[in-house]
**Q** 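Take a look at the following structure, please.
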Amino acid sequence: MKIFSQLKTLITFIVLLSLSFCTKAKYIDLLELKIFKKVVSSADYLAKVKITNVEIFREEDESEKHVYSAEVLATYKGKTHKKLSYEMVVEQGEDIVFNSASIYVALCLDEKGTYYWPGTGSEFKPSLVIDTWLTENKSNVEKISTDVDWCE
């Protein structure tokens, strides 16, 4: 009987642990979606892209300008493009991280018509929660007005 009691305790522990994990995962998904929605309202342009190339240019102020080229898989906000390039100004020597996986990018548009990366928090990996929200809200995303502060 002692073995059954221990087994019952172990099963209860595993069930509670898995429920805790599911609750935490759902919370993380909801938090990610909340941040994504805020970014959508702050950016001039939102698309799902696949990065194809990055060029590095050294600036006079010892920073670097990374120019990303991408194939646009879907546009959600802003002008529709098949190919896109955008700039990112970073500290000299900063690593470039990209692979063949698609990502969502939220970009700003300057007065010359150049897209630029506004900073951390404007790039998202596709996820079930984001993909579902975009599918359900695709027609409304374009209509979301841009919060001026983020893209200045």
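Numbering starts at 1 and runs along the sequence shown. If you're wondering where the values come from, they're calculated on a predicted model, not measured in any experiment.
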**Q** Could you check whether Tyr116 and His66 have their ring centres less than 6.0 Å apart?
**A**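 When the ring centroids of His66 and Tyr116 are compared, they turn out to be at least 6.0 Å apart.
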**Q** Hydrophobic cluster membership, with links at side-chain heavy-atom distances under 4.5 Å among I/L/V/M/F/W/Y: are Tyr68 and Trp117 in one?
**A** yes
**Q** Considering non-hydrogen atoms only, spot the tightest contact between Lys79 and His81 and give its length.
**A** O-CD2, 3.1 Å
**Q** Please answer whether the main-chain N or O of Lys38 pairs with a side-chain N or O of Ser41 as donor and acceptor at a distance below 3.5 Å.
**A** yes
**Q** Give the minimum heavy-atom separation between Ala70 and Val49, together with the two atoms involved.
**A** CB-CB, 3.8 Å
**Q** Answer with yes or no whether the hydrophobic clustering places Leu73 together with Phe124; edges join I, L, V, M, F, W, Y residues whose side-chain heavy atoms lie under 4.5 Å apart.
**A** no
**Q** Dump the intermediate steps for side chain to side chain contact (heavy atoms under 4.5 Å, CB included) on Lys34 and Glu32, then the final yes or no.
**A** CA-CA 5 Å; Lys34 181 179 179 179; Glu32 179 184 37; over 6 Å; no
**Q** Can you find a heavy atom in the side chain of Val54 that is under 4.5 Å from one in the side chain of Ile51?
**A**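 Answer yes - side chains close enough.
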**Q** Just by modelled atom types, is the Ala43 backbone N or O under 3.5 Å from a matching donor or acceptor in the Lys77 side chain?
**A**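 Flag set: sc Lys77 to bb Ala43 pair under 3.5 Å.
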**Q** Could you tell me which residues satisfy side-chain hydrogen bond (donor to acceptor under 3.5 Å, both in side chains) with Asp61, sequence neighbours excluded, listed by chain and number?
**A** Ser63
**Q** Hey, can you pull the donor-acceptor pairs under 3.5 Å for the side chains in residues 102-113, sequence neighbours left out?
**A**
{"unit_1": "Tyr104", "atom_1": "OH", "unit_2": "Asp131", "atom_2": "OD1", "d": "2.4"}
{"unit_1": "Asp110", "atom_1": "OD1", "unit_2": "Lys112", "atom_2": "N", "d": "2.9"}
{"unit_1": "Asp110", "atom_1": "OD1", "unit_2": "Gly113", "atom_2": "N", "d": "3.0"}
{"unit_1": "Asp110", "atom_1": "OD1", "unit_2": "Thr114", "atom_2": "N", "d": "2.8"}

**Q** Quick check: do Val72 and Tyr45 have side-chain heavy atoms less than 4.5 Å from each other?
**A**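 In contact.
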**Q** Would you indicate whether the side-chain heavy atoms of Phe36 and Leu46 approach each other to under 4.5 Å?
**A**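 Leu46 vs Phe36: side chains touch.
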**Q** Taking a hydrophobic cluster as the set of Ile, Leu, Val, Met, Phe, Trp and Tyr residues connected by side-chain heavy atoms closer than 4.5 Å, whether directly or through intermediates, do Phe57 and Tyr86 fall within one such cluster?
**A**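 They do not share one cluster, since no chain of ILVMFWY contacts under 4.5 Å joins Phe57 to Tyr86.
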**Q** Should Lys50 and Glu71 count as an ion pair when the cut-off is N to O under 4.0 Å?
**A**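 Answer for the salt bridge query: no.
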**Q** Would you kindly confirm whether Val67 and Val90 end up in one hydrophobic cluster when ILVMFWY residues are joined by side chain heavy atoms under 4.5 Å apart?
**A** no
**Q** Roughly how far, to the nearest 0.5 Å, is the NZ atom of Lys65 from the CD atom of Glu55?
**A**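 That separation rounds to 10.5 Å.
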**Q** When you group the ILVMFWY residues by side-chain heavy-atom contacts below 4.5 Å and let the links chain together, are Leu84 and Val89 in the same group?
**A**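 Different clusters.
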**Q** Side chain to side chain contact (heavy atoms under 4.5 Å, CB included) with Lys138: which residues, sequence neighbours excluded?
**A**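 Here the qualifying residues are Tyr76.
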